[in-house]
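See below for the structure under consideration.
The structure presented is a predicted model; accordingly, all values stated were derived computationally and were not measured. Just the heavy atoms: all of them, side chains too, but no hydrogens, waters or symmetry mates, feed the values below.
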Amino acid sequence: MLPSVGAPPALEKRLTFMPCSAALVPGDLRIVDRALPTETGVVDVGMTPGRSGPQLILASADGLRIESLLGDPAPRVIPVPGGIALPPRPWDVSRIPILDDWHDLGPPSALVPALHGGWLVDLTSGEARSLPMPVHATYRTWMPDLPEVEWRWMVQQVSWPSLERADDNGDGRLDLFALGRFEIYVYHAGPEGLPSQPSRKISFQPFGEETERESQATATNYFARDLDGDTLGDLMLSTISGGLSDGQSLTRIFLNLADGADVSGAPAAERLVEEAFSTFTFVDVDGDGQVEILEASIEFGVLQLVRFLLTRSTTTKIRVLRLDPSAAGGLRVRFEDDFAFKIDFAEGAIAGVIPKLGDWNGDGVRDFYLADGEDAITFRLGHIVEGVPVFGSTVSSQPIPLSSGESLAADLDGDGLDEIVTFTNRAPDAPLLVLENLGHLPGTRASVASAP
């Protein structure tokens with residue numbers, strides 16, 4: 001947890017760390033709570049070379065600071081030449097993936113943002129080297145004249161690429177993809193790790209001239225994932241454009257046929273969803289080792305607008321998609337259903353807890369829960385039988401004292417059953433809720449089920 005206390009300029013940034021199963025025991029002595037340095041911009045947690053136990057990685061404009069979460073080793077400071085592109089952040093702190101085996105050699109290293117892309121930091125030697133990435137920015141200035149409501153010399157918004165790791169060239173190593181709006185840089189991992197320059201660059205034009213003039217009304221989401229089960233990284237490029245009356249999401253999939261996906265040709269699959277904005281996540285729903293595409297589409301249009309005005313609710317359509325050359329557009333819909341979400345105008349948020357996937361009965365198949373009003377969630381179990389909906393009907397309901405918020409799912413005690421962690425960033429007094437899975441849902445093995 002990364003809570004904050006007070007308000008700038010006297011805001012205090014804090015961290016609460018709960019080791020495995022500690023979150024299920026209120027007041028567990030293993031829970032760590034500490035203040036963070038004021039200059040901290042982002043953090044990450046993981047294991048680092050030469051230090052025992054989980055480590056806290058703190059990134060600020062000056063460099064990295066490594067602190068032990070459970071042991072006694074003294075903190076270590078690693079300066080980064082020229083500093084990290086993290087101007088002071090007065091409001092809060094967040095976690096981003098800094099620590100990973102970026103070289104695909106075993107030991108983790110740290111990747112932090114730079115104006116040219118990133119700094120790749122060796123956590124043993126402290127050496128930092130440049131890693132160019134496709135970075136772009138927007139600049140706006142407000143002149144002292146009406147009708148502007150905020151005057152600034154300059155407002156800058158920098159966009160770094162999304163990062164993915166997948167095998168691009170078929171050598172079995174995980175390569176690094178830096179997926180920017182107009183370019184994708186691919187770094188092929190080798191015996192010495194990542195090269196200092198991209199192994200290949202891919203240019204892509206997501207929109208035409210007229211749409212790009214209104215670029216702030218558009219969005220791009222690019223992914224490098226193995227979507228057809230051949231262990232090679234495919235490219236999925238999704239764009240969003242338009243407004244409430246003419247919004248659309250266009251998704252194209254380019255398969256890696258052995259030497260890297262090529263976006264200049266025809267896509268292997270293409271999907272256009274009109275009068276809707278779509279987002280995606282990837283999960284192996286049925287446990288067969290191949291990921292499905294989970295699409296969530298917030299639909300608009302005249303009918304949706306009327307419904308929104310009358311009921312203060314909006315509908316999200318959930319679909320589970322899988323590549324299938326014989327299906328229309330190259331994607332087969334394995335599951336589809338509508339879910340209505342109430343809008344809490346007083347809080348400016350969706351009423352109820354945002355839905356999440358997890359394995360609630362320990363059978364290896366993903367299940368689904370969604371909000372049931374403002375004070376409960378309902379569970380729908382997953383199935384793998386062909387012809388049966390991926391998520392069945394509601395099997396149980398769970399009261400939850402949180403009117404709105406986000407949630408995470410993870411097995412916190414190692415019994416094979418996922419717990420649910422719910423929280424909200426909007427109410428400073430709202431508690432962090434941990435729902436322990438007692439194993440009472442249908443299909444749960446008797447060996448992991450608890451007494452009622």
So, do [X] and [Y] sit near enough that their side-chain heavy atoms are less than 4.5 Å apart?
| X | Y | value |
| --- | --- | --- |
| Arg380 | Asp337 | yes |
| Glu336 | Lys317 | yes |
| Leu412 | Val421 | yes |
| Leu70 | Pro19 | yes |
| Pro113 | Ile84 | yes |
| Leu56 | Leu15 | yes |
| Arg95 | Val45 | yes |
| Arg334 | Asp286 | yes |

Between [X] and [Y] (side chain of the first, backbone of the second, donor and acceptor by atom type, cut-off under 3.5 Å), is there such a pair?
| X | Y | result |
| --- | --- | --- |
| Arg89 | Gly41 | yes |
| Asp226 | Gly233 | no |
| Glu192 | Ala189 | no |
| Arg173 | Ala166 | no |
| Asp167 | Gly172 | yes |
| Lys356 | Phe368 | no |
| Asp101 | Gly106 | yes |
| Ser199 | Tyr187 | no |
| His116 | Gly118 | yes |
| Asp44 | Pro97 | no |

Which pair of non-hydrogen atoms, one from [X] and one from [Y], has the smallest distance, and what is that distance?
| X | Y | value |
| --- | --- | --- |
| Val43 | Thr40 | CG1-CG2, 3.6 Å |
| Lys13 | Pro37 | CD-O, 4.3 Å |
| Ala276 | Ser249 | O-OG, 3.4 Å |
| Phe277 | Gly247 | CE2-CA, 3.4 Å |
| Pro81 | Ala128 | CD-CB, 3.9 Å |
| Ala296 | Thr316 | CB-CG2, 4.2 Å |

Consider only side-chain N and O atoms of [X] and [Y], and report whether a donor and an acceptor are under 3.5 Å apart.
| X | Y | result |
| --- | --- | --- |
| Arg181 | Thr239 | no |
| Arg76 | Thr48 | no |
| Asp122 | Ser109 | no |

Original post:
Does the pair Leu432 and Thr16 meet the rule for a side chain to side chain contact (heavy atoms under 4.5 Å, CB included), with working shown?
Top reply: CA-CA 11 Å; Leu432 174 80; Thr16 302; over 6 Å; no
Less than 4.0 angstrom from a charged side-chain N to a carboxylate O is my criterion; do [X] and [Y] meet it?
| X | Y | value |
| --- | --- | --- |
| Asp168 | Arg200 | yes |
| Asp288 | Arg322 | yes |
| Glu292 | Arg366 | no |
| Asp338 | Arg319 | no |
| Arg129 | Glu127 | no |

**OP:** Just do the side chain to side chain contact (heavy atoms under 4.5 Å, CB included) check on Ser21 and Arg30 with the steps written out, would you?
**Re:** CA-CA 10 Å; Ser21 77; Arg30 294 171 297 166; 3.0 Å; yes
Subject >> Positive for ring pair (Phe, Tyr, Trp, His ring centres under 6.0 Å) with Phe391, one of Phe335, Tyr369, Phe379 >> reply: Phe335
**OP:** Among Tyr185, Phe182, Tyr222, find the one that has a ring pair (Phe, Tyr, Trp, His ring centres under 6.0 Å) with Phe204.
**Re:** Tyr222
Within this structure, what is the [atom1]-[atom2] distance for the pair [X] and [Y], rounded to the nearest 0.5 Å?
| X | Y | atom1 | atom2 | result |
| --- | --- | --- | --- | --- |
| Ile66 | Ile57 | CD1 | CD1 | 4.5 Å |
| Trp360 | Leu441 | CH2 | CG | 9.5 Å |
| Leu176 | Leu111 | CG | CG | 7.0 Å |
| Leu435 | Gln398 | CG | CD | 5.5 Å |
| Met18 | Asp28 | CE | CG | 9.5 Å |
| Leu179 | Leu163 | CG | CG | 8.0 Å |

Subject >> Test log, rule side chain to side chain contact (heavy atoms under 4.5 Å, CB included), inputs Gln157 and Tyr139 >> reply: CA-CA 7 Å; Gln157 181 177 6; Tyr139 307 91; over 6 Å; no
Original post:
Of the options Asp359, Leu357, Asp367, which is the one that meets Asp418 in a side chain to side chain contact (heavy atoms under 4.5 Å, CB included)?
Top reply: Asp359
Original post:
Given Asp33 and Arg14, is the side chain to side chain contact (heavy atoms under 4.5 Å, CB included) satisfied, shown in steps?
Top reply: CA-CA 7 Å; Asp33 180 74; Arg14 302 195 63 84; 2.7 Å; yes
Subject >> Residues, nucleotides or ligands: over 12 heavy atoms within 6.0 Å of Leu115 CG >> reply: no
